Structure formats: C-alpha cells, structure tokens
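Have a look at the structure below before the remarks.
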There are 2 protein chains.
Amino acid sequence: MDEAVIRSSPLFAELNDAGYLAIRERMTEHTFRRGEEIFHEGSPGDKLFVLGAGKVKLGHTAPDGREHLLAILGPGEILGEVSLYDPGPRTATATALAKTALVSLQHADLLRVLDARPEISQHLLRSLAQRLRRTNAAMADLIFSDVPGRVAKTLLDLGQRFGQPADGGLRVTHDLTQEELAQLVGATRETVNKSLAEFSNRGWLQLDGRSVVLLDIERLRRRGR
Amino acid sequence: MDEAVIRSSPLFAELNDAGYLAIRERMTEHTFRRGEEIFHEGSPGDKLFVLGAGKVKLGHTAPDGREHLLAILGPGEILGEVSLYDPGPRTATATALAKTALVSLQHADLLRVLDARPEISQHLLRSLAQRLRRTNAAMADLIFSDVPGRVAKTLLDLGQRFGQPADGGLRVTHDLTQEELAQLVGATRETVNKSLAEFSNRGWLQLDGRSVVLLDIERLRRRGR
DNA sequence: GGCAGACTGTGGCCCACGTCACAAGCTGCC
DNA sequence: GGCAGCTTGTGACGTGGGCCACAGTCTGCC
C-alpha cells in the first residue's frame with residue numbers, strides 16, 4: 001500500500017504517530033487513471049494533495065490553446081501547495097499520467113497542524129524555494145540550450161527521480177507521450193522525436209514506449225549542458 | 001528619505017511603531033551606485049535586503065559565461081529572501097542598476113521577529129508564491145512568444161511597476177541598457193534593438209536612453225500576447 | 001577638447017527548429 | 001478481427017533570430 005509513502009512524506013515525517021493519526025483522519029483518498037484531471041486551472045484551490053503512488057503532470061494552457069508542462073510529480077511529492085500560501089484560483093491543471101493514488105487535505109485542516117507545529121512549515125517553504133530554483137534553471141535552459149540538450153537534461157532528471165537499474169542501464173518509466181515530453185521541454189513533438197532517434201542510434205539510450213533505458217549517462221550529461 | 005518606503009514594505013507594515021523600532025535598530029544601511037554588486041552568486045546568503053530607493057537586477061551566470069536576468073526589483077521590494085527559506089549559498093547575483101539605497105537584516109534577527117509575529121511570514125510566503133507564478137509566466141512567454149512580443153510584454157510590465165505619466169504617454173525609466181534588456185527577455189542585444197526600432201517607428205513608443213515613453217499601450221499589449 | 005570605451009543602430013549570412021504532410025505501428029473497443 | 005484513433009517516425013520547406021561585422025553616437029575622464 002502507499003500509506004507508508006504518505007506517512008513519510010516531508011510534510012508528515014516529523015509528526016509522532018498520534019499527531020499523524022489526528023491529521024490522517026481528515027484526509028480523503030482518491031484514485032485516478034491516466035488522463036483524469038485532479039484539478040483544473042481556474043478552479044478554487046482550497047486543498048492540497050500528497051501523492052501515494054503514480055505520476056502527475058502539472059500543466060498550463062495558453063489562451064490560444066497551446067499547452068506547456070511545468071512539472072512532473074511522483075510518489076511522496078506535494079501538489080497544489082502554492083494556493084496554500086497565496087490563496088486564489090489554481091494557476092495550473094494537474095492530470096494523472098498513470099494510475100495514481102493520492103490523498104487530499106483541506107487547507108484549513110493543514111493550517112491547524114502548522115499552527116501547532118510551526119517547524120513543519122519549514123519543509124513546505126523549502127520545497128517552494130526549491131521549486132523556484134528549479135524553474136529558474138529551466139528558464140536558463142530554454143535560453144541557452146538547444147532542444148536535444150533540453151531533452152537529454154530532462155531525461156536525466158526524470159531518471160534521477162524515477163529511474164531504476166535494469167538491462168545494463170537506468171530504466172526510466174516516465175509515462176509521457178512524446179507530445180507531452182515536448183510540452184515539458186518547450187519544443188514540438190517532431191523535434192523531440194528526432195532528438196530521441198538521434199540519441200537512440202548513437203546507442204546512448206533505448207526507446208521503449210512510455211519508458212526509456214538510459215545507457216550512456218555520461219554522454220547524455222555532456223550533451224545536456 | 002526612503003525610510004518611509006522601508007517602513008511600509010509588506011514585511012514591516014503590520015508592526016506597530018515599537019515593534020518596528022526594535023527590528024529597525026538591527027538593520028544596516030547601504031548605498032550602491034550603478035554596477036556595484038550587492039551580493040554574488042555562490043557567496044553565503046545570511047542576509048535579507050529591503051530596497052529603499054533605486055533599482056536592482058537579479059542575474060544568473062551560466063558556466064560558459066553567458067548571463068541571464070531573473071528579475072528587476074524596485075523600491076519597497078525584498079531581495080535575497082530565498083535563502084531565508086532554503087539556507088545555503090546565493091543562487092543569483094544582485095547588482096545595482098542606478099543609485100540604490102537599501103537596508104540589510106541578518107536572517108537570525110528577522111527570524112526572531114517572525115517567531116513573535118507569525119502572521120508576518122504570510123507576506124513573505126505570498127511574495128515567494130507570486131515570484132513562482134511570475135517565473136512560470138515568463139517561461140510560457142519564452143516558449144510561445146517571439147522576441148518582439150517578449151520585449152513588449154516586458155516594457156508593459158516595467159511600465160506598470162515603475163512608469164509615470166508624462167509627454168502624452170507613460171514614461172518608464174528602466175535603467176537598463178539594451179544588452180541588459182536582452183538578457184531579461186532571453187534574446188540577443190541586436191534582436192532587441194531591432195524590435196525597439198520597429199516599435200519606435202510605428203509610433204508605439206519613443207526611445208530615450210535608459211528610459212522609454214510608451215505611447216500606444218493598447219497596441220503594445222496586443223503585440224505582447 | 002580630445003580620446004577611450006561603452007552603448008546603439010543596421011545589414012548579411014546561416015542554421016535550428018517550427019510547420020506541414022504523410023506513412024506506419026499499436027491499442028482498444030464494438 | 002477489423003476499423004478508428006492515438007502515437008511514433010521522417011522528410012521537405014521556410015523563417016525567426018543568433019552570430020558577425022561595422023558605423024555612428026554618447027559619456028566621462030585626463
């Protein structure tokens with residue numbers, strides 16, 4: 001079960017069992033299948049989510065309908081916390097990329113915990129600060145790196161977070177279509193496809209549906225910077 | 001004097017006079033002239049700054065030496081707060097763009113205030129959350145807008161924050177060279193120059209050294225999206 | 001007042017990448 | 001099992017904008 005993942009998420013890890021149980025009973029469990037929306041841009045943001053299992057994409061749709069992904073989140077990660085600090089409608093849409101289990105918690109309930117245990121909010125703050133740094137790094141990449149470079153970097157990042165050793169390489173089950181990967185790196189599907197093909201026939205990785213096996217991490221890393 | 005600006009910055013506005021004076025005496029005043037560095041990427045980040053007057057650019061230098069600006073900050077704004085939440089070396093370099101007056105405050109001193117008045121930290125959190133939203137919007141622009149569009153948007157944004165009515169338009173003294181403006185929008189100086197020239201001879205704005213007068217805001221806005 | 005160094009203004013060349021257009025697999029549902 | 005609709009693979013073409021190379025203007029310093 002993924003209860004253990006929730007329990008040990010940074011948000012709750014420091015609570016003792018009694019404290020955790022008190023907050024746990026205010027949480028609601030949900031499951032989603034690929035393509036189902038967890039929340040939509042513009043809707044009121046009064047809840048926060050913690051992923052137990054699965055994967056979620058956080059995306060933003062431009063007025064002209066073009067879409068761009070802000071982040072991919074996995075087990076143990078927190079979702080929707082921005083509107084905890086800055087109340088108002090959601091500024092992004094969260095969609096499940098695979099079968100996903102998560103719990104939701106009303107902001108009000110969480111704030112009660114934070115009141116009692118202010119040191120926990122440090123974890124939330126740090127995660128927000130890190131998200132900001134990440135985003136800044138991504139912007140720098142958009143400006144300075146070409147598409148293959150961004151693809152390589154993104155795969156390495158996903159590999160570090162979700163990969164597991166297999167088949168003489170690092171298997172990364174990203175659950176993304178090439179279209180979604182393109183939206184994540186800020187390019188078109190076609191260009192991403194060609195970059196992947198290039199990496200593949202250099203033997204740096206091996207494509208396999210919605211996952212890849214990274215074979216030559218060192219070279220990918222060099223290509224990424 | 002710019003004391004009033006500091007006093008009414010979101011960080012301190014809610015304090016009563018006694019509370020403010022208590023923290024005020026832990027602050028140190030500094031002034032910088034154009035080009036002087038307030039802090040440098042990689043140095044230990046143990047202070048936070050509040051701008052009283054002037055303007056500051058926040059930039060990041062890539063390993064290959066190319067530079068990119070994250071934000072332009074003006075009077076009343078806070079600087080260096082990220083390392084308050086996520087301690088460690090500074091991840092950006094702050095440089096004065098004009099004659100700038102500011103005060104600095106050790107994190108430790110500020111944390112003492114926040115302990116006593118936790119509601120104040122809400123303001124800090126909100127400003128961080130807003131910074132994150134801003135950055136996300138900037139990323140979307142990098143992906144979806146062309147250079148002239150980003151230039152138009154950036155000028156409108158600066159205009160909204162620093163502009164004042166004059167000469168039948170909105171005068172924006174941005175204190176940026178075209179090179180710096182280019183680093184801010186993620187393009188080269190040459191392309192930015194050509195965009196500005198284009199806007200200028202369409203009569204949408206008027207160039208004037210390190211400031212511009214925005215004449216046709218409506219059209220600039222349309223160009224920006 | 002004159003020289004040095006920064007900044008602005010513009011044209012030419014070229015390539016990375018977006019757009020378009022299809023072909024070919026894969027998946028799943030009736 | 002077959003058709004419909006995703007998804008992947010790849011080639012042709014056009015162009016926005018980076019890079020280079022100057023010329024012209026502005027600023028401040030000796």
Side-chain angles (χ1 to χ4, degrees), chain A residues 33-36 57 62 64-68 95 97-99 140-152 154-155 173-202 205-212 223-224, chain B residues 33-36 57 62 64-68 95 97-99 140-152 154-155 173-202 205-212 223-224:
Chain A
R33 308 208 287 163
R34 169 165 239 274
E36 291 180 327
K57 66 175 175 180
D64 70 348
R66 308 202 319 174
E67 198 163 331
H68 150 226
T95 312
L97 285 172
K99 203 166 179 0
D141 288 343
L142 271 177
I143 297 175
F144 297 128
S145 304
D146 61 5
V147 175
R150 269 137 54 200
V151 170
T154 301
L155 291 177
T173 305
H174 49 63
D175 291 318
L176 297 167
T177 65
Q178 292 184 357
E179 174 72 44
E180 288 167 329
L181 184 55
Q183 291 168 348
L184 184 58
V185 303
T188 60
R189 199 216 92 220
E190 294 91 324
T191 310
V192 168
N193 178 288
K194 285 162 194 171
S195 306
L196 288 172
E198 166 86 14
F199 292 159
S200 170
N201 60 34
R202 286 190 184 211
L205 52 74
Q206 189 186 320
L207 294 170
D208 179 14
R210 280 175 199 165
S211 72
V212 258
R223 190 58 185 74
Chain B
R33 307 209 287 163
R34 168 163 239 275
E36 291 180 327
K57 67 174 175 180
D64 69 349
R66 306 199 325 171
E67 198 163 333
H68 149 225
T95 312
L97 285 171
K99 202 168 180 358
D141 288 343
L142 271 177
I143 297 176
F144 297 128
S145 304
D146 60 6
V147 175
R150 269 140 52 201
V151 171
T154 301
L155 291 178
T173 305
H174 49 65
D175 291 318
L176 297 166
T177 65
Q178 293 185 354
E179 174 72 44
E180 288 166 330
L181 185 54
Q183 291 167 348
L184 184 58
V185 303
T188 59
R189 200 215 91 220
E190 294 92 321
T191 311
V192 167
N193 178 289
K194 286 163 194 171
S195 307
L196 287 172
E198 166 87 14
F199 292 159
S200 170
N201 60 35
R202 287 190 184 211
L205 51 73
Q206 190 186 318
L207 295 171
D208 179 13
R210 281 175 199 164
S211 71
V212 257
R223 191 59 186 66

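All figures in this text were calculated on a predicted structure; none of them were measured in a lab.
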Practice task
In plain terms, say whether Asp146(A) and Arg223(A) are close enough for a salt bridge, that is, a side-chain N and a carboxylate O under 4.0 Å apart.
Solution key: yes

Practice task
Using a strict 4.0 Å threshold on nitrogen-to-oxygen distance, state whether Arg202(B) and Glu198(B) make a salt bridge.
Solution key: yes

Considering just the side-chain nitrogens and oxygens of [X], establish if one lies under 4.0 Å of OP1 or OP2 belonging to [N].
| X | N | answer |
| --- | --- | --- |
| Thr188(B) | dG17(D) | no |
| Asn193(A) | dG9(D) | yes |
| Thr177(B) | dC7(C) | no |

Practice task
For Leu176(A) and Arg34(A), work out which heavy atoms get closest and say how close.
Solution key: CA-NH2, 4.4 Å

Practice task
Over all heavy atoms of both residues, which pair between Ser145(A) and Gly224(A) is shortest? Give the atoms and the distance, please.
Solution key: OG-O, 4.0 Å

Practice task
For the side chain of Arg189(A), starting at C-beta, report the closest nucleotide among dT8(D), dT7(D), dT19(C).
Solution key: dT8(D)

Fill in the blank from the handout: Of dT19(C), dG18(D), dT10(C), the nucleotide closest to the side chain of Ala197(B) is dT10(C)

Exercise for the section: Measure the spacing between CG of Leu142(A) and CG of Asp141(B) and express it to the nearest 0.5 Å. Expected result: 11.0 Å

Fill in the blank from the handout: Sorted by position of nearest nucleotide on DNA chain D, 5' first, the leading residue of Val192(B) and Glu179(A) is Glu179(A)

Practice task
May I ask you to say what Arg150(B) touches in the nucleic acid, namely base, sugar-phosphate or nothing, with a heavy-atom cut-off under 4.0 Å?
Solution key: nothing

Spacing between [X] atom [atom1] and [N] atom [atom2], to the nearest angstrom:
| X | N | atom1 | atom2 | answer |
| --- | --- | --- | --- | --- |
| Asp146(A) | dC17(C) | CG | C1' | 10 Å |
| Lys194(B) | dC19(D) | NZ | C1' | 10 Å |
| Gln178(B) | dG17(D) | CD | P | 16 Å |
| His174(B) | dC7(C) | NE2 | C1' | 13 Å |
| Asp208(A) | dC26(C) | CG | P | 11 Å |
| Glu198(B) | dT8(C) | CD | C1' | 17 Å |
| Phe199(A) | dG9(D) | CZ | C1' | 16 Å |
| Arg34(B) | dG28(D) | CZ | P | 12 Å |

Handout entry: hbond_proxy Glu190(B) side chain to dC19(D) base (donor-acceptor, 3.5 Å cutoff)
Key = no

